[in-house]
Protein chains: 4
Amino acid sequence: MDSNQNNVSGARGRPRSNEVHRNILDTTLYLLAEVGVEKLSIEMVAQRAGVGKASIYRRWANKEALIVDALEQIKPEFNMPSQGNLNGDLYELASHFVQRMNTPLGKQMLSLLISTLAGSSQISEAFWENHSLPKTKEISSIIDRYRQNERLSEDANVDLAADLMIGFIMYQLLFKPPTEDLDSSLKQGIEMIVKGIRKPD
Amino acid sequence: MDSNQNNVSGARGRPRSNEVHRNILDTTLYLLAEVGVEKLSIEMVAQRAGVGKASIYRRWANKEALIVDALEQIKPEFNMPSQGNLNGDLYELASHFVQRMNTPLGKQMLSLLISTLAGSSQISEAFWENHSLPKTKEISSIIDRYRQNERLSEDANVDLAADLMIGFIMYQLLFKPPTEDLDSSLKQGIEMIVKGIRKPD
Amino acid sequence: MDSNQNNVSGARGRPRSNEVHRNILDTTLYLLAEVGVEKLSIEMVAQRAGVGKASIYRRWANKEALIVDALEQIKPEFNMPSQGNLNGDLYELASHFVQRMNTPLGKQMLSLLISTLAGSSQISEAFWENHSLPKTKEISSIIDRYRQNERLSEDANVDLAADLMIGFIMYQLLFKPPTEDLDSSLKQGIEMIVKGIRKPD
Amino acid sequence: MDSNQNNVSGARGRPRSNEVHRNILDTTLYLLAEVGVEKLSIEMVAQRAGVGKASIYRRWANKEALIVDALEQIKPEFNMPSQGNLNGDLYELASHFVQRMNTPLGKQMLSLLISTLAGSSQISEAFWENHSLPKTKEISSIIDRYRQNERLSEDANVDLAADLMIGFIMYQLLFKPPTEDLDSSLKQGIEMIVKGIRKPD
DNA sequence: ACGTAACCGAGACGGTACGTCAGGTCTTATC
DNA sequence: GATAAGACCTGACGTACCGTCTCGGTTACGT
């Protein structure tokens with residue numbers, strides 16, 4: 001996803017400055033948070049970063065590529081340690097994701113992602129295959145691990161449960177105003193989902 | 001949400017043409033579907049609609065306002081007839097919403113809405129209060145109606161179940177590529193949610 | 001030159017208001033003095049005159065016609081009484097013209113006239129035939145009257161003398177800043193011209 | 001009067017292209033002659049010159065400034081060689097000026113100048129001080145050189161004679177239609193002026 | 001050690017679209 | 001049918017960015 005194709009092998013001439021690279025990305029991120037995606041301009045980034053426009057276009061093909069790359073940086077990784085119980089693990093996952101994304105920048109990243117997916121079914125398909133689906137599998141494998149301990153139904157569709165959870169998190173994140181208390185509803189939502197795949201008892 | 005503030009009472013001068021108004025909105029919607037939000041220009045709309053730019057700016061303050069207003073038109077209303085059982089009613093609701101929004105235009109509307117909400121916590125709050133919350137209540141009141149018939153838990157948090165469902169639908173809509181089969185996963189998801197609020201039996 | 005073609009004979013309906021007509025012309029003249037030709041707009045005139053734009057366009061074909069008509073009003077007529085000597089008569093003529101035109105409005109009128117003449121050789125020709133030439137003749141006939149009394153050369157080209165005088169006046173008017181003393185140089189200039197057509201003594 | 005303020009000393013960034021500068025001015029002049037001052041548009045100039053609008057507005061603050069600068073270029077300089085006699089020298093001067101200005105462009109320049117002077121007494125004053133007066137002095141010094149040779153009156157007001165001549169030329173230029181024969185009336189006018197300042201003999 | 005190719009900041013380049021304003025026409029309701 | 005108001009289409013205004021190109025100047029490699 002990065003474009004720093006920099007002097008890989010038989011490079012001649014002055015190599016690209018990593019400092020400049022970082023500077024541009026950081027400034028972009030900063031301005032993204034300050035003025036939003038719509039009003040961000042390359043000229044603005046260049047000036048605030050004290051950098052020539054050419055140094056930006058040398059690294060990224062256009063404004064979109066830069067923004068995507070800048071936002072890419074704040075993408076959360078979840079390799080959470082197990083809590084020993086399903087609800088705990090899922091909550092840990094959700095909570096970590098929410099903490100990372102429940103910021104102006106995080107929301108902008110998500111909304112940009114969504115509008116990108118909405119704009120091209122091709123990208124949509126690729127993203128689903130390479131990101132969404134693996135993430136779903138990751139979550140559903142966690143759930144699967146607790147199949148016996150938590151007395152889940154034999155025929156419980158864990159993938160569906162994962163989707164349900166991701167959708168719930170996204171919805172809370174994107175639609176609920178920042179003032180609302182996400183944490184407790186996250187807990188409750190997870191509880192309900194887990195109950196939905198548990199044996200009737 | 002509409003800007004056609006004319007002829008209200010003691011109007012003087014030539015009244016604004018409703019034909020022109022419709023023409024602009026329709027053309028906007030058409031072009032939105034054809035070229036997407038990013039590449040839509042007012043000049044394009046004016047030319048294709050056979051209308052002066054002034055006639056657009058007389059009604060809408062800027063490009064964003066026009067786009068929002070145009071997309072507003074395809075907002076789905078759900079006053080579905082009852083099917084006699086909870087799963088059926090919820091599915092009807094979800095299915096109707098999905099049918100309306102599972103189009104390029106519908107997705108663009110949603111993604112625009114999301115990026116707007118992401119951009120301003122003030123708008124976010126207002127939208128939550130005036131649209132999301134009422135919608136949630138509408139759904140949870142439907143669920144509530146079946147509390148006895150469907151043997152739901154006494155302490156079942158129906159609002160939460162509604163949120164779970166809306167989130168699930170949105171996620172399916174926005175992240176799943178158009179090729180996937182939404183309908184069956186919709187059915188299954190609803191089933192799981194309903195199970196999550198049903199008495200253990 | 002006026003366009004008030006108003007209900008001359010078998011008029012039907014409401015007759016055009018002379019009050020409106022005057023109002024428009026006066027306002028135009030007032031605004032011409034206030035903001036200048038370049039920045040004058042019909043919308044401005046209509047609003048300040050408390051008149052609909054249609055009422056203006058009903059009377060004048062376009063902005064230029066209105067401006068020309070408005071400025072036409074301040075055109076000086078010179079039917080001056082004779083002073084009994086050539087210098088006196090010519091000075092009276094010049095002085096009267098200068099007094100009328102040595103105002104912001106008068107200068108604007110002249111400069112508008114000049115730019116009109118510069119823009120079309122057809123208009124230029126017509127104006128020369130219908131205005132300049134007759135005026136020249138008028139002046140030269142005044143000079144001619146004094147041929148004997150003032151001992152002018154038999155072969156003196158009085159038409160040329162008239163042109164010389166008009167040109168001199170125009171130049172003083174249009175190029176000399178308002179602060180300069182026009183009157184005395186007018187007197188001197190006339191003296192010199194008269195000397196140029198007088199017998200060597 | 002020129003706005004090509006670039007590369008003066010510590011210039012940074014790409015320097016402004018002189019080719020572009022010339023191109024714009026030439027195109028402006030060409031279009032000025034083709035369509036006239038009133039109908040000239042910046043967009044037209046940009047398109048015809050194959051230039052972005054920004055490149056024009058980078059150099060000139062607005063349309064007027066560009067037009068003034070373009071017309072400035074055709075301003076005549078008169079450093080004529082002496083003919084050995086007053087009439088000849090003056091005719092040479094006048095003829096040269098007339099030849100340069102007796103074109104659509106020249107007339108437009110003069111009429112634009114006049115309307116500018118009419119619009120602001122401040123500009124009028126400055127122009128008088130910096131252009132008209134020096135020009136007058138230039139001419140009157142030429143006349144003065146012949147004071148003895150041509151037997152001019154001791155008290156002849158040579159400045160006035162110069163004004164008389166300039167006014168005459170302007171008048172012929174601006175009011176006489178292009179079809180008329182300027183040259184011979186120029187000669188005659190000069191003759192009359194010279195006679196007006198010569199000793200009675 | 002040194003030439004040179006690719007870098008750097010700055011900013012001009014040809015474009016496109018913005019939102020505004022005015023020109024001249026057309027459409028209301030009112031007089 | 002004239003009037004005041006104001007909407008209509010057209011098209012230019014001057015501004016802001018886009019992505020590219022061109023300066024003078026600066027590295028750091030490869031010879």
Side-chain angles (χ1 to χ4, degrees), chain A residues 6-7 10-17 19-20 39-44 46-47 49-58 60-63, chain B residues 6-7 10-17 19-20 39-44 46-47 49-63, chain C residues 6-7 11-17 19-20 39-44 46-47 49-64, chain D residues 6-7 10-17 19-21 39-44 46-47 49-63:
Chain A
N6 186 2
N7 297 44
R12 307 233 289 190
R14 175 176 178 177
R16 290 198 192 149
S17 157
E19 196 192 339
V20 167
K39 300 200 168 171
L40 183 97
S41 78
I42 291 285
E43 242 139 41
M44 214 168 166
Q47 194 176 350
V51 139
K53 284 206 291 174
S55 291
I56 297 179
Y57 282 106
R58 207 174 286 119
W60 293 274
N62 49 46
K63 189 163 72 154
Chain B
N6 65 328
N7 294 42
R12 305 228 285 188
R14 178 176 176 177
R16 294 205 187 141
S17 159
E19 196 189 340
V20 167
K39 302 201 167 171
L40 183 97
S41 79
I42 291 283
E43 244 140 39
M44 213 167 164
Q47 194 176 351
V51 141
K53 282 206 290 175
S55 292
I56 297 180
Y57 283 106
R58 206 175 286 120
R59 286 159 228 264
W60 295 275
N62 49 45
K63 190 163 70 153
Chain C
N6 186 1
N7 295 47
R12 307 230 289 188
R14 177 174 175 180
R16 288 198 195 152
S17 158
E19 195 191 341
V20 168
K39 300 199 168 172
L40 183 96
S41 78
I42 291 284
E43 242 140 40
M44 213 167 164
Q47 194 176 351
V51 140
K53 284 207 289 177
S55 292
I56 297 178
Y57 282 106
R58 206 174 288 120
R59 284 159 231 263
W60 294 274
N62 49 44
K63 192 164 70 154
E64 275 63 48
Chain D
N6 65 325
N7 294 42
R12 305 224 286 185
R14 179 176 177 174
R16 294 203 188 146
S17 158
E19 196 191 338
V20 167
H21 197 88
K39 300 199 169 174
L40 182 96
S41 79
I42 292 283
E43 244 141 39
M44 213 168 166
Q47 195 175 350
V51 140
K53 281 207 292 176
S55 292
I56 299 179
Y57 283 108
R58 206 175 286 121
R59 286 160 228 263
W60 295 276
N62 50 46
K63 191 164 69 155

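By convention in this document, chain letters (A, B, ...) are assigned in the order of the sequence lines, proteins followed by strands, and residues within each chain are numbered from 1.
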Please find the pair of heavy atoms, one from [X] and one from [Y], that lie closest to each other, and give the distance.
X: B:E43; Y: B:K53; value: OE2-NZ, 2.9 Å
X: B:S55; Y: B:R58; value: OG-NH1, 3.4 Å
X: A:G52; Y: A:A46; value: C-CB, 4.4 Å
X: B:S41; Y: B:K63; value: CA-CD, 4.5 Å
X: D:I42; Y: D:Y57; value: CG1-OH, 3.6 Å

May I ask you to verify if any side-chain N or O of B:S17 is less than 4.0 angstrom from the OP1 or OP2 atom of F:dA7?
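False: B:S17 side-chain N/O out of range (4.0 Å or more) of F:dA7 OP1/OP2.
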Are OP1 or OP2 of F:dA2 and a side-chain N or O of C:S55 less than 4.0 angstrom apart?
no
Does CD in C:Q47 sit with more than 12 non-hydrogen atoms of other residues, nucleotides or ligands closer than 6.0 Å?
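Not buried by this count: 12 neighbours or fewer within 6.0 Å.
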Starting from [atom2] on [N], measure out to [atom1] on [X] and report it in whole angstrom.
X: A:I56; N: E:dA10; atom1: CD1; atom2: P; answer: 12 Å
X: A:R16; N: F:dA28; atom1: CZ; atom2: P; answer: 15 Å
X: B:W60; N: E:dG19; atom1: CH2; atom2: P; answer: 14 Å
X: D:Q47; N: F:dG11; atom1: CD; atom2: P; answer: 13 Å
X: B:R12; N: F:dA7; atom1: CZ; atom2: P; answer: 12 Å

Start at the 5' end of DNA chain F and walk down; is the nucleotide closest to C:V20 or to B:A46 reached first?
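Mapping each residue to its closest nucleotide by heavy atoms, the 5'-most match is C:V20.
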Take the C1' atoms of the five end pairs on each side of the helix from E:dA1-F:dT31 to E:dC31-F:dG1, derive the two axes, and give their angle rounded to 10 degrees.
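End axes: 20° apart.
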With rounding to the nearest 0.5 Å, note down the distance linking CZ in D:R16 to CZ in D:R59.
6.0 Å
Protein-proximity profile, nucleotides 14-21 of chain F, B/S/- by nucleotide at the 4.0 Å heavy-atom cutoff, equals BB-BBBBB
